[in-house]
Amino acid sequence: MRSILVLNGPNLNLLGTRQPEVYGRETLDMINNDCVQYAGSQGAQVICQQSNHEGALIDAIHAAKGTHQGIVLNAGAYTHTSIALMDALASVELPCVEVHLSNIHAREEFRHVSYISRVALGQICGFGSRGYQMAIGALIAHLDELDPK
Ligand code: CA2
């Protein structure tokens with residue numbers, strides 16, 4: 001069975017508590033449960049992790065190699081700053097779909113830049129929590145293309 005890492009970065013553990021007009025009302029636990037359900041319906045499993053620490057996110061990406069076949073990543077604000085996360089993703093050579101709850105291109109200019117996009121298959125943003133399921137679907141379709149059943 002295919003296994004996908006759903007990795008969330010800084011402050012996303014606070015979802016559902018503040019700024020619902022930007023990030024929605026769902027908690028990260030609710031989003032993670034939806035990811036597990038959706039992946040299961042597609043014959044895949046997901047493992048969900050979150051950290052507020054850049055190094056821990058890098059460790060999780062390194063550990064994904066050999067364990068998971070792809071990564072769904074919302075790197076939070078590290079998206080716009082972290083060359084180290086970009087390098088980690090490039091080094092493991094796993095397909096990655098970047099997700100953002102909000103439409104980062106319609107927000108402040110500093111959010112328009114994503115280092116993750118340079119090494120991701122693609123980016124899904126602006127669809128709220130549904131974006132995670134869209135990303136899982138896109139990743140599974142990509143893996144199916146690489147290795148048809
Ligand atoms: O839209 C997204 O998913 C973001 O990755 C969220 C990040 C932001 O820095 C990115 O530009 C876009 C911020 C996550 C903060 O989440 C909070 C949730 C509840 C309360 C406060 C912050």
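Here the structure is a predicted model, which is why all the values come from computation and not from measurement. Read the numbers this way: they start at 1 and go in the same order the structure lists the ligands and their atoms.
- Enclosure of atom CZ in Arg130 is not indicated, since only 12 or fewer non-hydrogen atoms of other residues, nucleotides or ligands lie within 6.0 angstrom.
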Give one line per pair: atom of ligand 1, protein atom, distance. Only N/O to N/O under 3.5 Å.
residue  : atom   : partner : partner atom : Å
ligand 1 : 1 (O)  : Leu101  : N            : 3.3
ligand 1 : 1 (O)  : Ser102  : N            : 2.9
ligand 1 : 1 (O)  : Ser102  : OG           : 2.5
ligand 1 : 3 (O)  : Asn74   : ND2          : 2.9
ligand 1 : 3 (O)  : Leu101  : N            : 2.8
ligand 1 : 5 (O)  : Asn74   : OD1          : 2.8
ligand 1 : 5 (O)  : His100  : ND1          : 2.9
ligand 1 : 9 (O)  : Ala77   : N            : 3.4
ligand 1 : 9 (O)  : Arg111  : NH1          : 3.0
ligand 1 : 11 (O) : His80   : NE2          : 2.7
ligand 1 : 11 (O) : Arg111  : NH1          : 2.8

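- Every residue two or more places apart in sequence or in another chain that forms a side chain to side chain donor-acceptor pair (under 3.5 Å) with His105 is listed here: Gln123.
- Linking ILVMFWY residues whenever their side-chain heavy atoms come closer than 4.5 Å, directly or via other members, leaves Ile71 and Ile140 in distinct clusters.
- Ile124 and Ile116 are assigned to two separate hydrophobic clusters, defined by single-linkage of ILVMFWY side chains at heavy-atom distances under 4.5 Å.
- Remark: Arg25 CZ is loosely packed, at most 12 non-hydrogen atoms of other residues, nucleotides or ligands lying under 6.0 Å away.
- The hydrophobic cluster containing Leu94 also contains Leu57, counting ILVMFWY residues as joined when their side-chain heavy atoms lie under 4.5 angstrom apart, directly or transitively.
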